[in-house]
Amino acid sequence: MKELKRFSLSKIILAFVLSLTLIFPYLNVTALADVTITKDQLNIVNPFITQAATTFANLDPSIKYPIIEKVKNFVNGNISQTTNELLNSIADTLSSINTTGYNVTADNIVLLAQAMKTFITPTKRQEILGQIESGKITNVALTTNDIDMSALSSFNDEHNNVINFLIDNVQTGSLLNLIQEHHNNLRIDDNFKVYYALGDTVYSLDDINNNSTLNEIVNQLLKDINNNLNLDQIVTAADSFSSAAKGLSIDNQNLLRAVLNAYGIQNYTPSNSSGNNSGGGGGGAIGGGGSSSSGTEVTEVCTPVASSNVDLTKETIVASSDNAISLDIPAGVISNNDGSTLKVSVNVLDDTQAKAIADKVNTASLTLLGKVYEFYFKVTKDGKDTYITTFGKPITVKLSLNGIDTTKYDPRKISLFKIDNDTAIYKGGKYDKTTNTITTKLYGFSTYALMYYNKTFKDISNHWAKDDIEYMASKHIADGITSDTFNPDGNVTRAQFVAFLIRLLNIPYQTKATPFTDVKSSDWYYNDVTTAYNIGLVKGVATDKFAPNDNITREQMAAMAINALKYMGKDTAISQDEVTKFLAQYKDSKDVSGWAKEVVAASVKYNIMNGMTKVTYSPLSTSTRAQAIAVISRLFDMQ
């Protein structure tokens with residue numbers, strides 16, 4: 001998710017308080033005179049507290065312990081610095097840390113510190129700090145006895161207009177339930193209009209509600225989470241929410257945005273003035289994965305270089321005359337049987353337009369190379385053209401590197417990027433040396449360009465995994481723990497390795513529920529673990545437990561890697577004779593768990609994982625970040 005915006009101190013202080021007092025009151029509070037805290041309210045707040053504390057606890061000790069000392073001084077009042085100076089120093093330290101993948105950032109942890117001082121009782125805050133310092137978060141959840149009620153009452157008196165807003169304008173709880181279960185899919189614009197992301201495309205709730213295909217998809221998602229909601233209820237709640245929010249003061253609007261961001265709801269800027277969904281390139285095109293009646297009228301731009309009518313009963317190849325670009329469109333890419341004419345086109349921007357985009361998206365480590373393309377999927381019926389931008393099946397895109405200096409730009413680090421609102425979004429890309437091409441799969445159409453991403457870290461210059469780490473960093477799979485450090489010898493949790501795999505496979509999130517009670521919708525890894533489970537990459541350590549924060553063992557990593565290889569459609573077969581042969585070369589093969597013998601042997605057979613030494617596999621030892629990325633790098637090249 002995007003880095004959360006930095007807020008002034010007053011907003012930092014109040015945003016966490018809102019999460020304590022305002023997210024759930026409209027379902028329970030009938031009078032404003034007395035502030036009450038219910039279990040339901042704390043069920044909303046506690047995952048956020050756990051995320052912040054866990055992230056804090058897992059920081060590198062050189063960063064964590066100095067901050068802990070500052071926080072201790074802050075909450076105990078033993079400080080010479082002003083509140084503003086101290087919190088800013090904490091935020092500045094934390095802001096350099098790459099927290100991508102978490103629903104908490106530096107400011108969120110500062111909110112936790114402020115709330116600990118002001119609204120959490122001294123006993124509980126010392127308990128939380130102790131767990132953070134030890135690095136083992138066992139239970140930081142708040143109970144009603146852990147809250148300073150007089151402080152909350154004082155806050156309530158000062159900000160009852162915001163409380164009234166939430167009580168009066170989200171009465172049904174529909175929007176709350178959507179936030180709880182689907183926050184990673186939600187977007188909100190500056191006017192507090194609510195949007196929903198499906199795949200690469202962001203839709204307004206009105207667009208979804210008025211599109212039969214998308215309506216069906218979202219209602220099925222809502223049904224899967226068993227909250228007895230339908231899209232109509234949520235649209236009504238969101239409209240009420242938007243209207244009321246626009247009536248708040250500017251300060252309280254900013255306060256509300258801070259709370260929404262803290263719960264993982266990203267800010268969104270529609271690309272057209274009407275505030276409707278744009279769906280990326282195509283001048284405001286929208287559309288579902290299945291109905292030719294969905295979409296909106298647009299005007300195609302740029303120069304066509306390739307086009308073809310699409311027959312949904314068979315595969316269609318759309319390619320430019322010079323084979324600089326080709327699209328492989330599978331049969332049944334959308335469901336459409338209403339007699340519409342379907343056509344896919346590839347248009348190219350002129351050099352001036354491409355340079356204007358390059359000037360906006362290029363950075364010190366990211367460079368736009370070659371042409372900028374617009375992809376269109378046009379549906380024509382009764383003389384009316386509409387455009388589809390998301391698909392149920394992936395379309396394979398292949399682009400030639402002819403004309404790009406591959407002696408200057410390592411071709412392995414060139415990928416396809418989506419250009420959206422002057423932002424470059426990684427969309428994958430594997431280099432084929434034989435054909436000198438980059439290939440990836442897309443689940444949506446928009447504006448795209450090849451870009452070179454060259455990222456390194458100061459602590460890997462002499463590391464054995466340097467090449468793998470830089471390679472996977474270029475593919476947006478390997479993140480650093482800060483902007484310039486990778487911590488190659490640090491541990492990897494089960495959830496973190498799953499996140500690596502989902503990025504590797506570059507597939508849309510699957511939202512169907514899992515049986516894991518320790519994977520909550522508010523957890524940063526929720527979408528990754530849920531998707532991995534639904535496509536068969538992972539199982540739990542028990543029927544209802546995934547143990548997301550346990551360090552991954554090498555045999556567990558082997559199992560997930562083999563499942564990923566299988567998902568790619570690659571051969572993972574291994575005979576019992578081969579299992580015996582491959583395990584026999586390791587003197588610690590007796591330590592391999594019974595369930596893992598085949599996957600460990602297969603990991604050796606298919607050269608995904610080898611032994612820690614020539615004679616040891618170390619199946620039960622935990623993996624380092626470098627070892628995990630080396631495995632991911634090998635899998636990437638096997639796609």
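When reading the values below, keep in mind they use all heavy atoms of this one structure, side chains included, and skip hydrogens, waters and symmetry mates.
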- Message: Pairing donors with acceptors under 3.5 angstrom, does anything connect the side chains of Lys475 and Ser415?
- Response: yes

- Query: Got a donor-acceptor contact below 3.5 angstrom from the Gln639 side chain to the Met568 backbone?
  - Reply: no

- Kindly say whether Thr517 contributes a backbone atom to a donor-acceptor pair with the side chain of Lys520 at under 3.5 angstrom? yes

- Could you check if a side-chain atom of Arg625 sits within less than 4.5 angstrom of a side-chain atom of Pro488, using non-hydrogen atoms only? no

- Determine yes or no for a side-chain-to-main-chain donor-acceptor pair under 3.5 angstrom, with Ser633 supplying the side chain and Ala630 the backbone. no

- Note on the structure: Closest heavy-atom pair, Pro394 versus Lys441, reported as atoms and distance to 0.1 Å, is CB-CB, 3.9 Å

- Side chains of Ile137 and Ile132: does their closest heavy-atom pair fall under 4.5 Å? yes

- Query: Does Tyr606 have any ring pair (Phe, Tyr, Trp, His ring centres under 6.0 Å) partners at least two apart in sequence or in another chain, and if so, which?
  - Reply: none

- Task: Take Arg412 and Asp467 through the test salt bridge (charged side-chain N to carboxylate O under 4.0 Å, His left out) and record every step on the way to the result.
- Result: CA-CA 11 Å; Arg412 297 185 312 154; Asp467 184 66; 2.9 Å; yes

- Residue pair Tyr431, Asn436: steps toward the side chain to side chain contact (heavy atoms under 4.5 Å, CB included) verdict: CA-CA 7 Å; Tyr431 176 62; Asn436 195 35; 3.2 Å; yes

- Query: Does NZ in Lys566 sit with more than 12 non-hydrogen atoms of other residues, nucleotides or ligands closer than 6.0 Å?
  - Reply: no

- If you look at every heavy atom in Thr616 and Lys587, which pair is closest and at what distance? CG2-CE, 3.7 Å

- How many angstroms lie between OG1 in Thr437 and CG in Asp432, if you round to the nearest 0.5 Å? 4.5 Å

- Query: Any side-chain heavy atom of Leu537 within less than 4.5 Å of one from Leu505?
  - Reply: yes

- Note on the structure: Heavy-atom nearest pair, Pro619 first then Thr553, reads O-CB, 3.7 Å

- Query: Could you give the distance from CE (Met638) to NZ (Lys430), rounded to the nearest 0.5 Å?
  - Reply: 9.0 Å

- Message: Working to the nearest 0.5 angstrom, can you tell me the gap between Asn491 CG and Asn551 CG?
- Response: 4.0 Å

- Task: Give a yes or no on whether the backbone of Ser593 and the side-chain of Glu555 come within a donor-acceptor separation of less than 3.5 Å.
- Result: yes

- Message: Could you go through Tyr617 and Val604, starting from their C-alpha distance and side-chain angles, then the distance that decides it, and tell me whether this counts as side chain to side chain contact (heavy atoms under 4.5 Å, CB included)?
- Response: CA-CA 10 Å; Tyr617 189 92; Val604 178; 3.8 Å; yes

- Note on the structure: Here the pair of heavy atoms bringing Asn607 nearest to Arg634 is O-CD, 3.5 Å

- Query: Have Asn487 and Thr485 got a donor and an acceptor in their side chains that come within less than 3.5 Å?
  - Reply: no

- Message: Over 60° means perpendicular and under 30° means parallel, so tell me whether Phe546 and Phe516 are parallel, tilted or perpendicular.
- Response: tilted

- Message: Can you tell me how far apart CZ (Phe500) and CD1 (Ile552) are? Round to the nearest 0.5 Å.
- Response: 10.0 Å

- Task: Answer yes if the ring centres of His476 and Phe417 are under 6.0 angstrom apart, and no otherwise.
- Result: yes

- Note on the structure: Applied to residues 321-332, the side chain to side chain donor-acceptor pair (under 3.5 Å) test, sequence neighbours excluded, yields Ser320-Asp322

- For the pair Lys458 and Asp484, find out whether any cationic side-chain nitrogen is under 4.0 Å from an anionic carboxylate oxygen. yes

- Rounded distance [0.5 Å steps], CG in Leu369 versus CG in Asn362: 8.5 Å

- Message: Looking only at the aromatic ring of each residue, does the gap between the centers of Phe636 and Tyr471 stay below 6.0 angstrom?
- Response: yes

- Message: For the CG atom of Leu368 and the CG atom of Asp359, what is their distance to the nearest 0.5 Å?
- Response: 10.0 Å

- Task: Check whether any side-chain heavy atom of Ile404 lies under 4.5 Å from a side-chain heavy atom of Ile414, and answer yes or no.
- Result: yes

- Tell me, with the steps shown, if Tyr409 and Tyr452 meet ring-ring contact (aromatic ring centres under 6.0 Å, His included). CA-CA 7 Å; Tyr409 302 106; Tyr452 174 70; 5.0 Å; yes

- Classify the ring geometry between Phe375 and Tyr373 as parallel (under 30°), tilted (30 to 60°) or perpendicular (over 60°). tilted

- Do Glu470 and Lys413 sit within salt-bridge range, that is, some charged N less than 4.0 Å from a carboxylate O? yes

- Query: Between the side chain of Thr624 and the main-chain N/O of Gln627, is any donor-acceptor distance below 3.5 Å?
  - Reply: yes

- Query: What's the shortest heavy-atom distance between Thr572 and Ala602, and which atoms?
  - Reply: O-CB, 4.5 Å

- His463 and Ala626 have their tightest heavy-atom pair at CE1-CB, 3.5 Å

Determine all donor-acceptor pairs shorter than 3.5 Å in which one atom belongs to a side chain in residues 574-583; sequence neighbours excluded.
unit_1	atom_1	unit_2	atom_2	d
Ser575	OG	Glu578	N	3.1
Ser575	OG	Glu578	OE1	3.4
Gln576	NE2	Glu598	OE2	2.7
Glu578	OE1	Ser575	N	2.9
Glu578	OE1	Lys605	NZ	3.1
Glu578	OE2	Lys605	NZ	3.1
Thr580	OG1	Gln576	O	3.1

- Task: Indicate yes or no: at least one non-hydrogen side-chain atom of Glu374 is less than 4.5 angstrom from one of Phe445.
- Result: no

- Query: Please walk me through it: do Phe391 and Phe377 pass ring-ring contact (aromatic ring centres under 6.0 Å, His included)?
  - Reply: CA-CA 10 Å; Phe391 316 113; Phe377 197 127; 5.5 Å; yes

- Is there side-chain contact between Arg494 and Val541, with heavy atoms separated by less than 4.5 Å? yes

- What's the verdict on side chain to side chain contact (heavy atoms under 4.5 Å, CB included) for Thr406 and Asp410, showing C-alpha distance, side-chain angles and the deciding distance? CA-CA 6 Å; Thr406 53; Asp410 181 349; over 6 Å; no

- Can you check whether Ser345 reaches Asn347 side chain to side chain, under 4.5 Å on heavy atoms? yes

- Heavy-atom side-chain proximity of Lys614 to Tyr586 below 4.5 angstrom: no

- Message: Between Ile329 and Ile317, is the side chain to side chain contact (heavy atoms under 4.5 Å, CB included) condition met? List the steps.
- Response: CA-CA 6 Å; Ile329 303 166; Ile317 304 295; over 6 Å; no

- Just by modelled atom types, is the Pro515 backbone N or O under 3.5 Å from a matching donor or acceptor in the Asp544 side chain? no

